[in-house]
2 protein chains.
Amino acid sequence: MDDKKTNSKTRNAIMEAAGKIFAEEGFSKATVRDICRQAGANIAAVNYHFGDKKGLYLAVLKYYQEISFETYPPNLGIRETQTPEEKLRVFIRSFLMRIMDEGRPAWFGKLLAHEFSEPTWAFDILVEDMIRPSYQLLMEIVAAILGRGVKERKVLLYSMSIVGQCLYFRHSHPVISRLFPREAFGAKQISELADHITRFSLQGMREEKNKNNPEVKKCKKK
Amino acid sequence: MDDKKTNSKTRNAIMEAAGKIFAEEGFSKATVRDICRQAGANIAAVNYHFGDKKGLYLAVLKYYQEISFETYPPNLGIRETQTPEEKLRVFIRSFLMRIMDEGRPAWFGKLLAHEFSEPTWAFDILVEDMIRPSYQLLMEIVAAILGRGVKERKVLLYSMSIVGQCLYFRHSHPVISRLFPREAFGAKQISELADHITRFSLQGMREEKNKNNPEVKKCKKK
DNA sequence: AGTTGTTTAAAACAAGCGTTTTAAAATATT
DNA sequence: AATATTTTAAAACGCTTGTTTTAAACAACT
């Protein structure tokens with residue numbers, strides 16, 4: 001009664017509509033009636049194909065998580081030969097793309113954002129499957145930049161400062177568009193934002209880095 | 001029928017309970033039944049005293065906004081004699097206190113956070129009355145730090161980087177507590193966080209600052 | 001005291017929600 | 001072709017929501 005594993009037209013249509021609506025409204029505000037109407041299916045189809053609303057949500061979550069990961073692999077373009085600073089730049093850029101892109105691959109990012117602001121029972125799964133690996137990668141990069149001997153609490157603080165910036169540039173749309181209607185922070189500005197966040201953060205870590213990497217102090221020639 | 005301007009016991013009790021519940025649940029998830037039960041009042045009391053749920057929400061919003069502003073004035077402790085750097089430190093600390101404090105003065109911060117993640121019709125009022133002045137103050141400080149001649153877009157980017165960090169340290173509780181159960185980021189860590197964000201951000205702006213304040217380049221003696 | 005206006009109380013209303021039931025249609029299987 | 005299984009369709013159920021109705025209790029004022 002749970003999974004009619006076979007692909008049917010209405011099942012696919014529901015997955016599509018549900019992805020869009022859950023991404024827009026979040027779990028609690030999205031209604032199965034809306035989803036079914038948009039999918040051109042009957043109200044009972046959701047319960048038949050996915051058991052209940054939760055089952056549909058979980059299926060949607062897993063499906064679009066796969067799509068998102070295929071489109072933007074967590075370590076996209078990161079090579080072991082790069083310096084930690086270059087890895088950070090790549091990480092930030094990839095992170096921004098994953099959360100700021102529009103269209104279907106972005107639905108997962110929006111689902112995640114909703115989970116973030118009002119966690120459902122699915123939140124623990126997402127944290128473990130998706131957020132933890134990403135955080136671990138970032139913290140390794142940050143630790144490498146700061147040099148050995150740095151306290152883990154420091155690594156966490158700096159990592160959170162970086163993630164906080166990225167998420168805010170995504171989250172703050174409702175505020176910024178009202179305060180500064182002429183300024184745009186969308187998918188087209190990803191390069192600019194990634195560059196800003198990277199330089200800002202690298203400089204922000206410089207003091208701590210120098211403290212842990214005591215090398216020859218010399219004048220910058222410029 | 002709108003405002004029974006007189007203060008009655010049940011009206012005050014409803015304001016109190018509504019502040020708590022709206023802060024916890026947000027507008028849409030909070031129910032008038034819950035509020036009235038917790039206030040020891042009848043279900044019809046909210047419609048009688050405030051017209052409808054929206055009227056109650058608006059009253060709560062304005063009431064606790066006043067309390068929050070009285071407790072943490074936006075420019076708390078900022079004196080004109082201070083350097084911009086010192087003003088930034090004070091701003092960040094005050095901002096963190098306003099959004100991270102617990103108890104009744106913090107209810108407004110939580111209301112704001114809910115508006116942020118799912119804006120209601122009251123969002124525009126909040127942006128104008130509360131967020132815009134705060135942003136303007138921050139951007140003046142940032143502009144003063146970066147020096148004259150800096151592009152306004154740059155000022156906005158740096159200001160958003162700062163705000164983003166502050167909000168994330170407040171917002172990320174559900175994630176961080178799962179990823180790092182032993183690390184605490186609560187009201188008791190405000191000083192540590194304010195210090196971290198301030199130093200991180202001041203360093204992050206140093207390059208741009210030097211570009212706009214071309215002065216004698218000299219070795220840091222340390 | 002008696003009348004008027006204000007405040008509380010209980011019950012019911014209308015609308016929307018997720019879900020279930022029932023049966024018919026479509027598809028696959030023998 | 002006949003039977004069994006899967007899929008769609010319509011209607012209704014039970015529940016919760018915000019709101020309204022009705023009437024009783026309280027307070028204020030001439």
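In what follows, chains are A, B, ... by sequence order, proteins preceding strands, each numbered from 1.
- Protein atom OH of A:Y48 is 9 Å distant from nucleotide atom C1' of D:dT8, rounded to whole Å.
- A:N42 has its CG atom 6 Å from the P atom of D:dA10, to the nearest Å.
- Taking the six-membered ring for Trp and thresholds of 30 and 60 degrees, A:F116 and A:F123 have ring planes more than 60 degrees apart, a perpendicular arrangement.
- As a whole-Å value, the separation of B:F50 CZ from C:dT7 P is 12 Å.
- The shortest distance between the side-chain N/O atoms of A:H49 and the OP1/OP2 oxygens of D:dT8 is below 4.0 Å.
- Aromatic ring centres of B:H196 and A:Y158 lie closer together than 6.0 Å.
- A:R89 and A:D195 are joined by a salt bridge, as a carboxylate oxygen and a charged side-chain nitrogen come within less than 4.0 angstrom of each other.
- Rounded to whole Å, the distance from NZ on A:K9 to C1' on D:dA9 is 17 Å.
- A:E118 and B:S117 form no side-chain donor-acceptor contact under 3.5 Å, judged by distance and modelled atom types alone.
- Rounded to whole Å, the distance from CD1 on B:I14 to C1' on C:dT8 is 10 Å.
- As rounded to whole Å, 18 Å separates atom P of C:dA15 from atom CG of A:D34.
- Note: CG (B:N47) to C1' (C:dA9) measures 14 Å, nearest angstrom.
- A donor N or O paired with an acceptor N or O is found under 3.5 Å between the base of C:dG18 and the side-chain atoms of A:R33.
- Atom NZ in B:K29 sits about 11 Å away from atom P in D:dT17, given to the nearest Å.
- Out of D:dT21, D:dT7, C:dT6, the shortest distance to the side chain of B:A44 is found at D:dT21.
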